[in-house]
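Just below is one structure, and these are the notes that go with it.
For reference, positions follow the sequence shown, starting with 1. It should be emphasised that the depicted structure is a prediction, and the values quoted were computed from it without experimental measurement.
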Amino acid sequence: MPRRSIWKGSFVDAFLLRMKKKRDLLLNRKIWSRRSSILPEFVNCSVRIYNGKTPVRCKITEGKVGHKFGEFASTRKRRLSRTNIGPGRKRGKKFSLSAYGTKRKSDFGKT
């Protein structure tokens, strides 16, 4: 579902419009314009889309036409779920024995 008016057309940065004429220059090219739409002329090209830190390699296919370049370069890191961390203490926290003492379970009932 397009969010932009049909009479306006899809937004494409000016430098990408110049590059679509020279298709060989688009191969392995860095793209900083995440808001630009992918045109049918870019199909079968390999580009590197900037995600805010590093460029991410992306192969343009027919299914990506009409979408924005930014949709294919995630800007967030993936976090591990709690099930993948494993049993035991939480990551990053260190427990010292001196803070909790060295009592055993059998010592608690005795005085």
Side-chain angles (χ1 to χ4, degrees):
M1 185 163 131
R3 296 183 187 268
R4 189 173 160 97
S5 296
I6 294 173
W7 64 270
K8 288 182 183 179
S10 58
F11 175 80
V12 181
D13 242 346
F15 87 95
L16 286 173
L17 289 174
R18 282 183 263 138
M19 298 302 274
K20 79 175 184 179
K21 294 175 186 171
K22 302 173 186 171
R23 190 179 170 96
D24 55 333
L25 291 177
L26 192 64
L27 294 172
N28 239 345
R29 184 72 184 209
K30 287 184 187 175
I31 294 178
W32 278 270
S33 177
R34 297 169 52 87
R35 62 187 179 166
S36 296
S37 295
I38 299 175
L39 298 176
E41 289 86 4
F42 300 146
V43 174
N44 295 330
C45 290
S46 178
V47 295
R48 291 183 291 168
I49 306 164
Y50 191 65
N51 69 355
K53 186 175 181 182
T54 58
V56 177
R57 186 178 304 271
C58 181
K59 175 89 171 155
I60 308 290
T61 59
E62 289 183 19
K64 295 179 182 179
V65 173
H67 291 267
K68 306 282 185 182
F69 279 108
E71 294 181 49
F72 305 106
S74 179
T75 58
R76 310 282 175 143
K77 286 185 179 178
R78 293 193 178 184
R79 297 188 64 174
L80 294 175
S81 62
R82 283 296 298 152
T83 57
N84 292 341
I85 291 175
R89 62 180 182 217
K90 292 182 181 178
R91 284 181 102 166
K93 290 190 175 182
K94 294 183 179 178
F95 296 103
S96 63
L97 290 176
S98 62
Y100 294 104
T102 54
K103 291 187 176 183
R104 287 185 226 123
K105 202 174 200 182
S106 59
D107 294 339
F108 279 108
K110 301 174 184 174
T111 53

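- In this structure, CD on E71 lies 15.0 Å from CZ on R35, to the nearest 0.5 angstrom.
- Distance check, rounded to the nearest 0.5 Å: CD1 of I49 to NZ of K68 gives 13.0 Å.
- A distance of 6.5 Å separates CD1 of I38 from SG of C58, quoted to the nearest 0.5 Å.
- Residues Y50 and R34 approach most closely at O-NH1, 3.2 Å, considering heavy atoms.
- S36 OG to F15 CZ: the interatomic distance, rounded to the nearest 0.5 Å, is 6.5 Å.
- Shown here for V43 and V65, the closest heavy-atom pair between the two residues is CG2-CG2, 3.7 Å.
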Exercise. List the steps, then state whether side chain to side chain contact (heavy atoms under 4.5 Å, CB included) holds for I60 with F69.
Key: CA-CA 9 Å; I60 308 290; F69 279 108; 3.9 Å; yes
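- Scanning both residues, K64 and K59, for their nearest heavy atoms gives NZ-O, 2.9 Å.
- A 4.5 Å side-chain heavy-atom check between S74 and V56 finds every atom pair outside the cut-off.
- No side-chain heavy atom of T54 sits under 4.5 Å from any side-chain heavy atom of R48.
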